[in-house]
2 protein chains.
Amino acid sequence: MEKLLQSVRITINDKLYVKDPESSKLGKRIVEESILMINDMGFESFNFKKLGQKIGSNESSIYRYFENKHKLLLYLASWYWGWLEYQLVFATNNIPDASTKLERAIEIMTQATEIDLAFTHINEVLLSKIVINEYSKSYLTKEVDQENKDGYFVIYKRLVNRLSQMIKEVNGDYPYPASLASTLIEGALHQYFLIDHFSSLTSCDAKTTPTEYFKHLAFNTLNIKNNG
Amino acid sequence: MEKLLQSVRITINDKLYVKDPESSKLGKRIVEESILMINDMGFESFNFKKLGQKIGSNESSIYRYFENKHKLLLYLASWYWGWLEYQLVFATNNIPDASTKLERAIEIMTQATEIDLAFTHINEVLLSKIVINEYSKSYLTKEVDQENKDGYFVIYKRLVNRLSQMIKEVNGDYPYPASLASTLIEGALHQYFLIDHFSSLTSCDAKTTPTEYFKHLAFNTLNIKNNG
DNA sequence: CAAATATAATAGTATTACTATCATTATATA
DNA sequence: TATATAATGATAGTAATACTATTATATTTG
């Protein structure tokens, strides 16, 4: 992907960090290396002591940026959804036809992630893998209602709502726009997981993409023929 | 739900337990109370020490039934999917029309769980809540491929495949039967979660059920008109 | 009743997820 | 340039977790 804008910055709820990791070199290293480590060893095995050793810094210094690894995961996920939202808005902005617009939106939301050179300290491809493998754990908790109140999921919710709006614009009579939007976004993560670990449970693979499947699903349930 | 058969027993991979919990009173108490506790406090806060205190037994005794709480969760989930599979097979067994059969299958897979009096030590309603809130955690791990090889997910996979087969029988030309089946089953769990915690992200509620939504989705994407 | 098995009690270990304190180093500004 | 201020590092410590090991005591079964 080409570097479209120099100065785009993903804005994240400041309750998710103690000190803004974008504000220092160490902060950026924490974000950068945590993505590599969580991707490598999984969220359960990952901890701040190991991260400190990896980046040649101290455990206690990392705690000055993030309260705990749960909040770091919420931060990384928010960043990812914010980044996707930006792609979505950018790609669909001046498409007048509602159907073409939705089609483009589904492509953005369900296609395999490519690297974005605008953010040097964040590997979006690995981050998308983290979202596939770990995002559910960030909300499948007993604290979800409080954390939702605190705005930890606003970007994700805004994204689902944007997609829901586009669905409504294609077919105002369709009774389940929000459910379809959440199914597309969550379902895409799930299908990518299945491709890697339970291939018998998905019809997708290297040739047949989740994007194809979800475009077919959306346009048929909306009773609109797919352009592609 | 009425008590249909006295002697049905859900058979679970014996690698999931050290000693069969169905083989003793203590074993059944472990299963029974763990369902209540995990539902109350969430899987993260739950542990064998607390469970031991609750059932007036010793932590070490529980370890003689289950290696760890991860395997207990896999056991409970397998039981749930096995139980659902039984419902599915029973309810669709002698329906000749493929479309009616699929419709009934989607109802079974997506409707709210009711208690089954055949299993006194298992509260299926609470167990279904555990599956909604915790099941993803059982496979979103670094060990998933090995555990899949060891057969820890066979019942779940068999269930998705049964549904996939029924989809094929309705429309043999549909290119994504496995993906649709996995989307319906995983998506139903997700929609129930959204109803409870992110109501703006779903079109379902007390009146509009996930079953309605998924029946509409399936039959439209298969280009078959819904009977209901 | 004896032998085998199941369960309970207690103790102990390595790891995790932090918190607290103090020392050192970098940076900002007067 | 001196110095205050902030950022980071080093070390230590704590409570809880997720077990394992050992021994004692019930309970079941032959």
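Please read these numbers as outputs of a predicted model, since none were measured by experiment. Letters go in sequence order (proteins before strands), and every chain restarts at 1.
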Closest to side chain of B/Tyr63, choosing from C/dA17, C/dA9, D/dT20 | D/dT20
Tell me: NE2 of A/His70 to P of C/dC18, nearest whole Å?
-> 11 Å
Check for a donor-acceptor pair, side chain of A/Asn161 on one end and backbone N or O of A/Lys157 on the other, with a separation under 3.5 Å.
-> yes
Under 4.0 angstrom, heavy atoms only, what part of the nucleic acid is B/Phe66 near: base, sugar-phosphate, or nothing?
-> nothing
Could you tell me whether A/Lys49 contacts a base, only the sugar-phosphate backbone, or nothing, with contacts defined as non-hydrogen atoms closer than 4.0 Å?
-> nothing
Of B/Glu59 and B/Lys25, the one whose nearest nucleotide on DNA chain C sits closer to the 5' end is B/Lys25
May I have the distance from A/Asn68 (atom CG) to D/dA16 (atom C1'), rounded to whole angstrom?
-> 15 Å
Between B/Ser179 and A/Gln191, do the side chains contain an N or O donor and an N or O acceptor separated by less than 3.5 Å?
-> yes
Within the structure shown, what part of the strands sits under 4.0 Å from B/Ser60 by heavy-atom distance: base, sugar-phosphate, or nothing?
-> base
From CG of A/Leu51 across to C1' of C/dC18 the rounded distance in Å is 15 Å
Look at A/Lys50 and C/dT15 and indicate whether a side-chain polar atom (N or O) is within less than 4.0 Å of OP1 or OP2.
-> no
Please state how far atom CZ in A/Arg64 lies from atom P in C/dT19, giving the value in whole angstrom units.
-> 12 Å
D/dT11 P sits how many Å from A/Gln53 CD, rounded?
-> 13 Å
NZ of B/Lys28 versus C1' of C/dA6: gap in Å, rounded?
-> 16 Å
Position toward the 5' end of DNA chain C (nearest nucleotide), B/Tyr65 or A/Glu44 = B/Tyr65
Closer to the 5' end of DNA chain D via nearest nucleotide, is it B/Lys69 or B/Asn58?
-> B/Lys69
Classify the side-chain pair A/Tyr192/A/Ser128 by whether it contains a donor and acceptor separated by less than 3.5 Å.
-> no
What's the verdict on ring pair (Phe, Tyr, Trp, His ring centres under 6.0 Å) for B/Trp81 and B/Phe153, showing C-alpha distance, side-chain angles and the deciding distance?
-> CA-CA 10 Å; B/Trp81 296 119; B/Phe153 304 99; over 10 Å; no
Could you give the CZ-to-C1' distance, from B/Arg29 to C/dA8, as a whole number of Å?
-> 15 Å
Between C/dA8 and B/Ser61, is there an OP1 or OP2 to side-chain N/O distance shorter than 4.0 Å?
-> yes
Is it true that B/Tyr17 and B/Phe66 have ring centroids separated by less than 6.0 Å?
-> no
Let me know the distance between CD1 of A/Ile55 and C1' of D/dA7, rounded to the nearest Å.
-> 14 Å
Is A/Ser24 touching bases, backbone alone, or none of the nucleic acid, heavy atoms closer than 4.0 Å?
-> sugar-phosphate
Checking all strands, does B/Glu67 fall into the base, sugar-phosphate, or nothing category for heavy-atom contacts under 4.0 angstrom?
-> sugar-phosphate
